[in-house]
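To start, the structure itself, in structure tokens.
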There are 2 protein chains.
Amino acid sequence: MTEPGLIELDRGVPSPVGTLTDRLFDALQRAIVEGEMPQGSKISEPELARRHGVSRGSLREAIARLEACKLVERKPNLGARVVELSAEQLIEIFQLREALEGMAARLAAEAMSDAEIDALGALLAQHGQQIEQEQGQAYFQKQGDLDFHFRIVQGSKNRQLIALLCEDRYHLLRMYRVQFGMRSQRCRQAFEEHQYLLSALRSRDPEMAELVMRQHVRSSRRNLEQALA
Amino acid sequence: MTEPGLIELDRGVPSPVGTLTDRLFDALQRAIVEGEMPQGSKISEPELARRHGVSRGSLREAIARLEACKLVERKPNLGARVVELSAEQLIEIFQLREALEGMAARLAAEAMSDAEIDALGALLAQHGQQIEQEQGQAYFQKQGDLDFHFRIVQGSKNRQLIALLCEDRYHLLRMYRVQFGMRSQRCRQAFEEHQYLLSALRSRDPEMAELVMRQHVRSSRRNLEQALA
DNA sequence: TTTGCATGAGGTGTTGACACTTTGCTTGCG
DNA sequence: CGCAAGCAAAGTGTCAACACCTCATGCAAA
């Protein structure tokens, strides 16, 4: 629920938090994820800098960070473009997730505290209610799913995994969800799989947790492949 | 054998390849991996810029890329420091590798061409000879091991995996190998495990390939944990 | 002696300007 | 009419200078 606040740039107040490059990075990242900057569109440094009332230097540093997140691609002397998510790349991302989140679940089964697991259970219960009431269908359910996976990764207590999935690649996944936002017929099934995973965590069974998580991500991928064909 | 050339900065010739930031990045990366810039040491932008005869702007972009590779850590208004590899973080990196390279091996079992697999076999045969002759013990064997894993990842044909392991995190692994360079008693065992993996690839058995690779990385990790204790 | 604040130096964040590269169009020649 | 060389505009790479922040040093007051 309380996702680390995205700072709005270009508002009345000059957002007195973080460095200028930080705020620029957040603003651009949001713009790309939401689709305001279309996939594959070219980024003109002078124009963007003018639009945001910022020098090119700061903008270039922000773009460098976006490049590290794989949200933009840059070629020397040719400039930067917003990344394009092809079908193949989406599938590759899901293969990456299968491996990484599977390992995260395995580690989480041993590293999460009882309190964290209980909190996860509460979150799931809430999701269940939302699904029953069929309210906030699209957005909230997807956000909920993201929250769930987010917490598992955090629960692994592995800083490499956390940095990679919750900071570096997190926004790329959000971009996929926002822009490819296919209505999830898989919603109820995904909810069940989340509960299986919760059981594995409660049993402190690493092997089972990894198995369930991998199967879960793989199902999502298969669903995606089918929808793309 | 033919690792993409590291460009030497500060030589007679002005290295007429790539942008200045690129060359700076390569030079700093090498310096960090080799230990010339000690772990945890602070990076003074003015001094480094002067030493390399470069403006601070270019240097800052190079540092931003190093940060993306996790080779340096930066805090606002406090500057950048070379990353410190603690024992815990090393273990976390190996857990990451187990997941990622396991998946890479799985995919490679289906995606690699027969020619690529044959070339891998030739590489392994060469390693075997080197081990027999006990020559070039430390460096070449470690480099050989890195080459082997490098090729498996490339063989997965998954651009996400390749970018992550062969570009983003590759140098962090090299840094560990160079600086923690423990003599590998495990050398012969690792060689055998590599051959098991080759067999799995030849059989086009994804399940087995992933299993062997994960076991291989896990053994390395256990060996590391033991050596650290 | 110790605590607190002022001050200065060093360092980082940010900016505007300059130089080179790319690109699309124009112009002149075959 | 087609094509190559050249030119102009836009864009990226690089730089030096300015503004703000942090930290350490020293001085003054309790």
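Quantities reported herein were computed from a predicted structural model and do not represent experimental measurements.
Computed from C1' positions of five pairs at each end, the angle between the two local axes of the helix from dT1(C)-dA30(D) to dG30(C)-dC1(D) equals 0°, rounded to 10 degrees.
Using modelled atom types, no side-chain atom of Lys42(A) and backbone atom of Arg81(A) make a donor-acceptor pair closer than 3.5 Å. Using a distance-only test at 3.5 Å, with no hydrogens or angles considered, a donor-acceptor pair links the side chain of Glu116(A) to the main chain of Ser113(A).
Note on Ile43(A): only backbone sugar-phosphate atoms sit closer than 4.0 angstrom, heavy atoms only; bases stay farther off. Counting any heavy atom pair closer than 4.0 Å across all strands shown, Gly57(B) reaches no nucleic acid atom.
Nearest nucleotide to the side chain of Arg56(B), out of dG13(D), dA16(D), dT12(C): dT12(C).
Rounded to whole Å, the distance from NZ on Lys42(B) to P on dG11(C) is 8 Å. Note: CG (Leu24(A)) to P (dT14(C)) measures 9 Å, nearest angstrom. Taking atom CG on Leu48(A) and atom P on dG11(D), their separation rounds to 11 Å, with Å as the unit.
Between Ser44(B) and dG10(C), a side-chain N or O to OP1/OP2 separation shorter than 4.0 Å is absent. Between dG13(D) and Arg60(A), a contact under 4.0 Å exists linking OP1 or OP2 to a side-chain N or O. Between Thr21(A) and dG13(C), a side-chain N or O to OP1/OP2 separation shorter than 4.0 Å is absent. When the side-chain nitrogen and oxygen atoms of Lys75(B) are compared with OP1 and OP2 of dG11(C), none of them lie within a distance under 4.0 Å. Contact between the side-chain N/O atoms of Ser58(B) and the OP1/OP2 oxygens of dC15(D) is found at a separation under 4.0 Å.
The list of salt bridge (Lys or Arg N to Asp or Glu O under 4.0 Å) pairs with a residue in residues 96-107 of chain B, not counting sequence neighbours, reads Arg97(B)-Glu101(B), Glu98(B)-Arg214(B), Glu98(B)-Arg218(B), Glu98(B)-Arg221(B), Arg106(B)-Glu207(B), Arg106(B)-Glu210(B). Sorted by first and then second residue, the ring pair (Phe, Tyr, Trp, His ring centres under 6.0 Å) pairs involving residues 67-120 of chain B (not counting sequence neighbours) are Phe94(B)-Tyr176(B).
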